[in-house]
Undergrad: 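Can you read through this structure? Questions will come right after.
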Amino acid sequence: MLVAFLILLREGLEAALIVGIAAGYLHRTGRSDRVPLVWIGTACAALICLGLGLSLDLLSAEFPQRQQELFESAIGLLAAGMLAGMAFWMRRAAHSMGKNLRGKMEAAAGSSAALIALVFLAVAREGVEAVVFLLALMQQGAGWSVPLGGLLGLAVASAVGVLIAWGGLRLNLGRFFRWTGVVLLFAAAGLAAGALRALHEAGLWNGLQQLAFDLSHILPEDGPVGTVLAGLFGYADRPSLGEVLLYLAFLGVFLPAFLASPQRPAAVAGR
Amino acid sequence: MSLRRTIRLGYGVVGLLALGVAVLGVLDWRQHQIRAARPAAAEDAVTVTVTASACEPGELEVPAGRVAFRIVNRSERVLEWEILDGVMVVEERENIAPGLSQRLTARLAPGEYAITCGLLSNPRGRLLVRPSGQGAAPAGPDLRELIAPMAEYQVYLALQGAQLEAATARLVEAGSGPEAAGALAEAHAAYERLRPATKLLQAGLDAALDARAADFAGGATDPAFTGFRRLALALQNADPAAPDLARKIRADVALLLERLSGASIPPDRMLAGAALAASEAANLGDPALAAALLEGSGKIVTLLAPPLGQTAPEPAQRATAQLAAARAALATGDAAGWRSASAALAEALSSLRERLGAA
C-alpha cells in the first residue's frame with residue numbers, strides 16, 4: 001500500500017541520511033574499522049524502539065504523545081546542533097588532511113563516539129514514530145499488503161542510506177566534504193524547524209503559529225516527492241511562521257559561514 | 001585491540017536485544033490471538049470519522065476526564081488529528097493512513113476545544129467537554145459573588161442610558177443643522193455602549209435603532225429602515241426626513257430605557273451580549289463605534305472576570321488580556337489589531353460563558 005510505504009519511507013529517510021553520512025565519513029577518514037559501530041548503533045536503536053512498541057502493545061497502552069513529542073524535539077535540536085557541528089568539523093578535517101594526510105585526523109578520534117551516539121539517537125527518534133504507525137497497522141489487521149508496503153518503505157530508505165555512504169566513497173574528497181556539508185546544513189535546518197513543531201505539538205511552544213504558506217495542494221507532504229523532501233530536508237507543506245523563520249535563520253547563520261570558508265585547493269595540489 | 005572488543009560487545013548487545021524483541025513479539029502475538037478469541041468488548045471510544053471535507057460528527061460532547069477517541073480516516077490523505085485549545089495542541093495523533101483508524105486517549109478539562117479535520121481548508125470541528133460532576137471537575141462559580149457585579153452593571157446601564165437620552169435630545173434639537181452630525185456620532189456611540197444589553201434583550205428596538213441598509217429588502221430607501229445609520233445617510237444627502245428620523249430615534253430610545261430600567265440581567269446574558277458586541281467590533285471599520293462597543297463589553301469583562309476567574313482562570317485572563325490589547329490597538333489606530341483582539345475577546349467571553357454553565 002502506497003501510503004504506508006511513503007510514511008515509513010519518510011521516517012526512514014530522516015534516519016538514513018544521518019547514518020549514511022556518518023558511515024561515509026568514517027570511511028573517508030580512514031576509520032573504516034569503526035563503521036560496524038554505526039551499524040550496531042542503528043540496530044540497537046531500531047530494536048529498542050520495536051521492543052518499546054511491543055511492550056506498550058502488550059500492556060494495551062499508548063505512546064504518551066506529549067513525552068514522545070518532547071523527546072523528538074530534544075533529539076531534533078541536539079541532532080541539528082551536531083549536524084551543523086559535523087559540517088564544520090569535516091571542513092576543518094578536509095583542510096588538515098590536505099596538508100598532513102591523516103595525521104591530524106587522530107586528534108578528532110574521540111568524536112567518533114559522538115558520531116555513533118548521533119546515529120543511535122537519530123534512528124531512535126524516527127523509530128518511535130515508525131513503530132507507532134506499524135503497531136496501528138498490525139492492530140487493525142489491515143492485511144499483509146499494508147505492513148509489507150511499510151517494510152518496503154524502510155528497505156528503500158535503508159538503500160538510500162547505503163547509497164549516500166557509497167556515494168561518499170566515490171566522490172572526490174574535497175567535493176565530498178563540501179557537498180555533504182551543505183546537505184547536512186539543510187538537513188539540520190529542517191531538523192531544527194521540525195523540533196519547533198514537535199515542541200508546539202507537545203503543548204509547550206505556542207508563539208508564531210500563523211500559517212506561513214500552504215503548499216498542500218501543489219506539493220503535498222504525503223505525496224512521493226514531498227515525502228522524500230520531508231525525509232531529507234524537513235519539508236513541510238503547511239509550516240507555521242515560527243518554523244519558517246527558524247529554518248531561514250539557521251541557514252542564514254550557518255550556510256554563509258560554511259561557504260565562505262577557505263576551500264584551499266592549493267593545499268591539495270601542493271602535495 | 002579494544003576497538004575489536006567494543007565491536008564484539010556491540011554485536012552481543014544487538015543479539016540480546018533481538019532476542020528480547022523476539023520474545024516480546026511472540027508474547028504480543030499470543031495475546032492478540034487470545035484477545036481475538038474473546039468476544040469483542042463494548043467499544044467505549046468516541047468515534048470521529050474524517051472524510052475528505054469534514055469531521056463526522058462535526059460537533060462532539062464528552063464528559064471531562066479520560067476520554068478515548070477512535071479517529072477513522074475516510075479521506076484520501078494521510079491524516080494528523082489534533083485537539084486544540086486556541087493554538088495550543090492538547091493532544092494529537094500523527095500518521096493516520098487512509099482507511100485506517102487510530103486510538104487516542106486524552107485527559108480533558110471542561111471547556112470548548114476545536115478538532116482538526118484533515119485539510120486546512122476543512123472546517124474545524126467543535127469538542128465540548130462538560131464537567132463530569134465527579135469531584136475532579138472544578139466547582140462552578142459561587143453565584144452569590146455575581147450579585148454585586150449584576151447590580152453594578154444595572155447602575156452602569158442607568159448612567160449610560162441617561163447619557164444616551166441627553167444625546168438624543170441634542171440630536172432632535174440640532175435637526176438638520178450644522179451640529180447634527182456631531183450629535184449623531186455622540187448618540188450613536190452612547191448607544192453602542194449599551195449594546196451588550198440591548199442586542200439580546202431588546203432585539204426589536206435594537207433593529208429599529210442600529211440596523212444597516214443591507215438588512216432590508218429595499219436597502220437604504222426601505223421605509224422600515226430607521227435609526228442612527230439611516231439618519232446618517234439622511235444628513236449626508238440633505239434628506240428632509242432627517243428631523244423625523246431623529247424624533248423616531250428619541251422615541252425608540254425612551255421606550256428602550258423604560259424597558260431596560262429595573263431589568264436584572266443574569267451573568268449568562270451579560271457574557272453572551274458582551275461576546276456579541278465584541279465580535280461586532282471585530283467587523284467594524286469605524287474606530288469610534290468599535291471603541292464604544294468595546295467599552296460596553298469591557299465593562300462586563302471588568303465586572304465578571306474577577307469573580308469568574310476563581311473557577312475559570314484561563315478564559316478570564318484571556319478576556320482581560322484581549323480587552324487590553326484591543327484598547328491599545330484602538331489607541332494607535334491599528335485596525336487589524338483591534339479586529340483580531342476583539343474577535344479573540346469574543347471567543348474568550350464565550351468560553352467564560354461556557355464555564356458559567358458548569359455551575
Side-chain angles (χ1 to χ4, degrees), chain A residues 1 3-4 6-8 10-11 31 33-34 36-37 39-41 43-44 46-48 50-55 57-58 60-62 65-66 69 116 129-130 132-133 135-142 146 150 200-204 206-207 209-211 214 216-217 220-223 237-238 240, chain B residues 1 3-4 6-32 35-36 68 71-73 76-80 82-106 118-121:
Chain A
M1 187 174 160
V3 175
L6 287 177
I7 288 178
L8 286 185
R10 188 190 68 217
E11 308 292 354
R31 284 180 288 163
D33 52 344
R34 282 166 204 261
L37 287 177
W39 309 136
I40 290 169
C44 281
L47 286 171
I48 286 174
L50 202 56
L52 200 63
L54 286 173
S55 312
D57 189 44
L58 212 55
S60 301
E62 289 171 22
Q65 185 77 35
R66 246 157 221 269
E69 296 291 352
I116 281 132
E129 284 200 347
V132 170
F133 176 67
L135 275 180
L137 288 187
M138 300 293 186
Q139 278 165 354
Q140 288 167 45
V146 181
H200 170 59
E201 285 171 344
L204 286 184
N206 293 310
Q209 285 305 318
Q210 300 91 320
L211 189 70
D214 184 355
S216 57
H217 294 282
E221 201 178 320
D222 55 358
D237 55 11
R238 293 182 313 214
S240 74
Chain B
M1 195 190 156
L3 178 65
R4 198 170 296 162
T6 313
I7 291 176
R8 219 179 295 152
L9 197 70
Y11 281 132
V13 171
V14 170
L16 272 179
L17 283 173
L19 199 67
V21 167
V23 170
L24 277 173
V26 171
L27 281 177
D28 196 39
W29 179 66
R30 282 188 51 183
Q31 203 189 22
H32 273 281
R35 267 189 221 154
I71 307 107
V72 185
N73 185 357
E76 303 290 311
R77 302 272 305 262
V78 177
L79 200 67
E80 183 176 297
E82 294 177 332
I83 300 177
L84 295 168
D85 184 4
V87 295
M88 193 176 98
V89 179
V90 180
E91 284 291 337
E92 59 127 33
R93 195 50 93 226
E94 289 174 357
N95 286 346
I96 310 175
L100 295 186
S101 67
Q102 288 242 21
R103 262 176 77 89
L104 180 154
T105 315
L119 290 177
L120 202 66
S121 48

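Basis for what follows: all heavy atoms, side chains included, without hydrogens, waters or symmetry-related copies. Letters A, B, ... mirror the listed sequences (proteins, then strands); counts begin at 1.
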Undergrad: Distance check, rounded to the nearest 0.5 Å: B:Thr6 atom OG1 versus A:Asp33 atom CG?
TA: 10.5 Å
Undergrad: What part of A:Leu204 gets closer than 4.5 Å to chain B, counting heavy atoms only: side chain, backbone, both or neither?
TA: neither
Undergrad: Using a cut-off of under 4.5 Å on heavy-atom pairs, state which of B:Ala18, B:Gly86, B:Gly20 scores highest against chain A.
TA: B:Ala18
Undergrad: At a heavy-atom distance under 4.5 Å, which candidate from B:Thr105, B:Val90, B:Val13, B:Ile96 has the highest pair count against chain A?
TA: B:Thr105
Undergrad: To the nearest 0.5 Å, what is the distance between CZ (A:Phe133) and CD (B:Glu94)?
TA: 12.0 Å
Undergrad: For A:Asp214, is it the side chain, the backbone, both, or neither that has a heavy atom closer than 4.5 Å to a heavy atom of chain B?
TA: side chain
Undergrad: Side chain, backbone, both or neither: which part of A:Gln209 has a non-hydrogen atom closer than 4.5 Å to chain B?
TA: side chain
Undergrad: Does some side-chain heavy atom of A:Leu47 sit less than 4.5 Å from a side-chain heavy atom of B:Val14?
TA: yes
Undergrad: Side chain, backbone, both or neither: which part of A:Leu58 has a non-hydrogen atom closer than 4.5 Å to chain B?
TA: both
Undergrad: Chain B: which of A:Ala43, A:Cys44, A:Gly41 shares the most heavy-atom pairs with it under 4.5 Å?
TA: A:Cys44
Undergrad: Among B:Leu24, B:Asp28, B:Ile7, which residue has the highest count of heavy-atom pairs closer than 4.5 Å to chain A?
TA: B:Asp28
Undergrad: Name the region of B:Glu80, side chain, backbone, both or neither, that has any atom closer than 4.5 Å to a heavy atom of chain A.
TA: side chain
Undergrad: Do you know which of B:Ser101, B:Ala22, B:Ala106 has the most heavy-atom pairs with chain A at a distance under 4.5 angstrom?
TA: B:Ser101
Undergrad: Is there a side-chain contact between B:Leu3 and A:Leu37 in this structure, where contact means two heavy atoms from C-beta onward sitting under 4.5 Å apart?
TA: yes
Undergrad: When rounded to the nearest 0.5 angstrom, what is the spacing between CZ in B:Arg77 and CG in A:Asp222?
TA: 4.0 Å
Undergrad: Evaluate the side chain to side chain contact (heavy atoms under 4.5 Å, CB included) criterion for residues A:His200 and B:Glu92: first the C-alpha distance (whole Å), next the side-chain angles of each, then the deciding distance (0.1 Å), finally the verdict.
TA: CA-CA 11 Å; A:His200 170 59; B:Glu92 59 127 33; over 6 Å; no
